[in-house]
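For reference, the structure discussed in these notes is given below.
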Amino acid sequence: MSHLTDEARAPFRDAEPRIEAGDNCLEAIVAANPGRRSVLKNGLLGLSILPMMGALAACGDDDDDSASPSPTPSPTPTPAPAPSYAIAFAPVAANQNDTVTVPNGYTVDVMLKAGDSVEAGTPYSGSFPTPADAEKWAGGNHDGMEYFELSGVDPNVGGLLAINHELPDYNILFSGSYNAATASADQKALALSGVGISVVEVAKGSDGKWAVNAGSRYNKRYTGNSSYKASGRGSGLLSGTIKGMLNNCSSGRTPWGTYLTCEESTDNYLDPTQPQNNYGWVVEIDPYQELAAPTKRTGLGRFDHENVAHMTDSNRRVAFYMGDDGTPGCIYKFVCDRPYSATNRAANTDMLDHGTLYVARFNADGTGEWRALEQGQNGLLPGASDPGNVSQSTTPPAPVIVNFNSQSDVLINTKAAARVAGGTVMDRPEWLTVAPDNSAIYCTLTNNSGRQVTDAANPRTRNLHGHIIKFKEKDNSPLAMTFTWEIFLLAGDPKLSSGGQHLVGDIKGDTFSSPDGIRIDPQGRLWVQTDHSVPGNSGVTGTTIDQAFGHNAMFYVDQTSKQSKRFLVGPLGCEITGIAYTPDLKTFFVNIQHPTGNWPVAGQQPRSSTIVVTRTDGQPVGN
């Protein structure tokens, strides 16, 4: 969650395609060794021509008595060396520069800025737009994103990007600040145009630069003004047609090639006239525009959704993992009732409507369990007693009676249901990521400076800098009902010890605060992105958070040694968020959210942007 979002929501808070085919599919083989792509393209020709050459060399002219030397065969080309995915970059220093800093040998290009055209129209050029113009622009505060392949296109040079927009970049929409209570109709429409998602076709040009393919039939905006439907067992308590989605924080994807965008708000603070129950959902959108209309999937529960990560098994059973970016919030998973189809995308249209939602309970002995959030189970009954946020005060809050009369009640009031069922309230669960071999799941717990009561999984009071937790499902199965867990790392810096040990952490190498984005790439490399508030409190009087850690940044963290290496540092005022990549891992897409200085274009308004990071020698990122 951006600290800007946190501020925007405060007055309105409630009182309380492509089918994955596993490791043996062509994509997985090529991702593991992209050098095979050229072998697959050229190997048959190369193998067939060599016997032919040998036969021709053996043929002589029977009428010529002179012995002619056989022509020397062309040497077999030396195969290109397999790309290396070892982490070998020299880490960059923490800094407060108003630019994107990357290691030597890397380049950064800005590809899509807030206000650039997604659908055909007039892009931002320094003047405020009409609502009709803004509705076709890329929205603001770029956040989570996913890269999708296109049939017939080499995915390493072209594909689709689906990009979340968490909050408007107000500075390019109208003058002054936004107040939903006093906003004009045009101001409200402009603000709502700035949230949602953008889907764009992107391609690598002959000059090696990536750009949006203007005019692509896939380029489309889904905004806070668009219409959505709801499905699943909670949909009966929502409007038949819903206006907008908003606070599109991070995201995920399904094995059947749809995009999951997460609403990180349980009310519409941009347009408070809308029913609250319509917001706080995971929205499924098909970037190829082939399947169902954009749909809010109520089966995954209503809370401050951050992202979605999935785990599959060899039987095509799938679980989706989610965090509630509340202060505090719980960790959830949704297990679909049936296997997904690997051959028929349309057969998966209602997969997210049929399944069971669970909340995680982290026990003090390093074990954990998933508790079903089903009406009639685990205390989810009429007259249930919600203990509230027990972590935030040494004096427990007074319990609140909640009536869970139906499964709809459970899904609408998921936060309360999770606490009643005994879920552990965590320090703002943000992104989750699943290891390619299912051997681990990581969750960033960004911070919780108000925590007063600790537990084993949340061991620090006033957890200003956050931590990362790692857990492992029994038998590495998405269907498991138990898991084991450990604290992977505690964020902070030893230089802050004068403010208390809760500020120090245990990071080896480059330190950071407030881990937010996290992703394990197909080669098993763990990347972490940060979101400390700017300006922010380091915990030590006289030291700002930027002075302690530099600007928000992106890190590689070794999963065994836990050594941290700073890979990228953002410009003034920004959050680093969103990570996607091509299958060969030679192109990384990263989002720069809410910069406040003179970036990305000198002399113009600062704008949230999607950047492209590559190596100058064409090798995989990270090497």
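At a threshold of 4.0 Å, the pair Asp169-Arg607 does not count as salt-bridged, since none of the basic side-chain nitrogens sits closer than that to a carboxylate oxygen. Ion pairing of Lys333 with Glu473 is present here, as a side-chain N (NZ or NE/NH1/NH2) and a carboxylate O approach within less than 4.0 Å. Ion pairing between a basic and an acidic side chain is recognised when a charged N comes within 4.0 Å of a carboxylate O; Arg615 and Asp617 show such pairing. Look at Lys565 and Asp510 and you find no salt bridge, because none of the NZ, NE, NH1 or NH2 atoms lies under 4.0 Å from a carboxylate O. Salt bridge present: Glu486 and Lys562 bring a charged side-chain N and a carboxylate O closer than 4.0 Å.
Classified by interplanar angle (parallel below 30°, tilted 30° to 60°, perpendicular above 60°), the ring pair Phe483/Phe362 is perpendicular. Taking the six-membered ring where the residue is Trp, Tyr288 and Phe148 present perpendicular rings, their angle passing 60° and hence far from 30°. Ring geometry for Phe303 versus Tyr332: interplanar angle under 30°, hence parallel rather than tilted (30 to 60°).
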Fill in: Residues Phe555, Phe512; criterion ring pair (Phe, Tyr, Trp, His ring centres under 6.0 Å); working and verdict
CA-CA 9 Å; Phe555 300 78; Phe512 53 81; 4.8 Å; yes

Practice prompt. Apply side-chain hydrogen bond (donor to acceptor under 3.5 Å, both in side chains) to Thr577 and Gln529, showing your working.
Written response: CA-CA 6 Å; Thr577 183; Gln529 300 168 318; 4.6 Å; no

Fill in: Derivation and outcome, side-chain contact (heavy atoms from CB on, under 4.5 Å), residues Val308 and Cys262
CA-CA 8 Å; Val308 183; Cys262 298; 3.6 Å; yes

Item to complete: Could you walk me through whether Ser84 and Asn623 pass the side-chain hydrogen bond (donor to acceptor under 3.5 Å, both in side chains) test, one step at a time?
Response: CA-CA 6 Å; Ser84 170; Asn623 180 260; 2.9 Å; yes

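What you find for Val318 and Pro255 is that their closest heavy atoms are CG2-CG, 4.0 Å. Closest of all the heavy-atom pairs between Ser538 and Thr543 is OG-O, 2.6 Å. Contact record, Pro515 with Thr446: O-OG1, 2.8 Å, taken as the closest heavy-atom pair. In plain terms, the two heavy atoms of Gly257 and Asp286 that are nearest each other are O-OD1, 4.0 Å.
No hydrogens or angles considered: nothing links the side chains of Asp143 and Asn164 as a donor-acceptor pair under 3.5 Å. Thr530 and Ser514 share no side-chain donor-acceptor pair at under 3.5 Å. Side-chain N/O atoms of Tyr218 and Asn213 include no donor and acceptor closer than 3.5 Å. Side chains of Asn307 and Ser251: a donor-acceptor N/O pair is absent below 3.5 angstrom, by distance only. Checked by atom type, the side-chain pair Thr444/Glu430 shows no donor-acceptor distance below 3.5 Å. Side chain to side chain, Trp256 and Glu284 meet the donor-acceptor criterion of an N or O pair below 3.5 Å. Side-chain contact check for Gln559 and Tyr442: at least one donor-acceptor pair (N or O, by modelled atom type) lies under 3.5 Å. Asp437 and Ser439 are linked by a side-chain donor-acceptor pair at a separation below 3.5 angstrom, with hydrogens and angles left out of the test. Side-chain contact check for Thr582 and Asp584: at least one donor-acceptor pair (N or O, by modelled atom type) lies under 3.5 Å.
For Trp210 and Phe589, the ring centers are positioned less than 6.0 Å apart. Aromatic ring centres of His465 and Phe549 lie closer together than 6.0 Å. Aromatic ring centres of Phe567 and Tyr106: separated by under 6.0 Å.
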Identify every side-chain donor-acceptor pair in residues 497-505 under 3.5 Å, counting partners at least two apart or on other chains, and give the distances.
{"from": "Ser497", "atom 1": "OG", "to": "Pro494", "atom 2": "O", "distance (Å)": "3.3"}
{"from": "His502", "atom 1": "NE2", "to": "Arg462", "atom 2": "NH1", "distance (Å)": "3.4"}

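The only option from Ile331, Leu300, Leu260 that meets the side chain to side chain contact (heavy atoms under 4.5 Å, CB included) definition with Met322 turns out to be Leu300. Partner of Arg428 under the side-chain hydrogen bond (donor to acceptor under 3.5 Å, both in side chains) criterion, chosen from Asp516, Asn463, Asn458, Asp325: Asp325. For the side-chain hydrogen bond (donor to acceptor under 3.5 Å, both in side chains) criterion with Asp427, the lone passing option out of Thr454, Thr327, Asn448 is Asn448.
The local environment of CG in Asn104 is sparse, with at most 12 non-hydrogen atoms from other residues, nucleotides or ligands closer than 6.0 Å.
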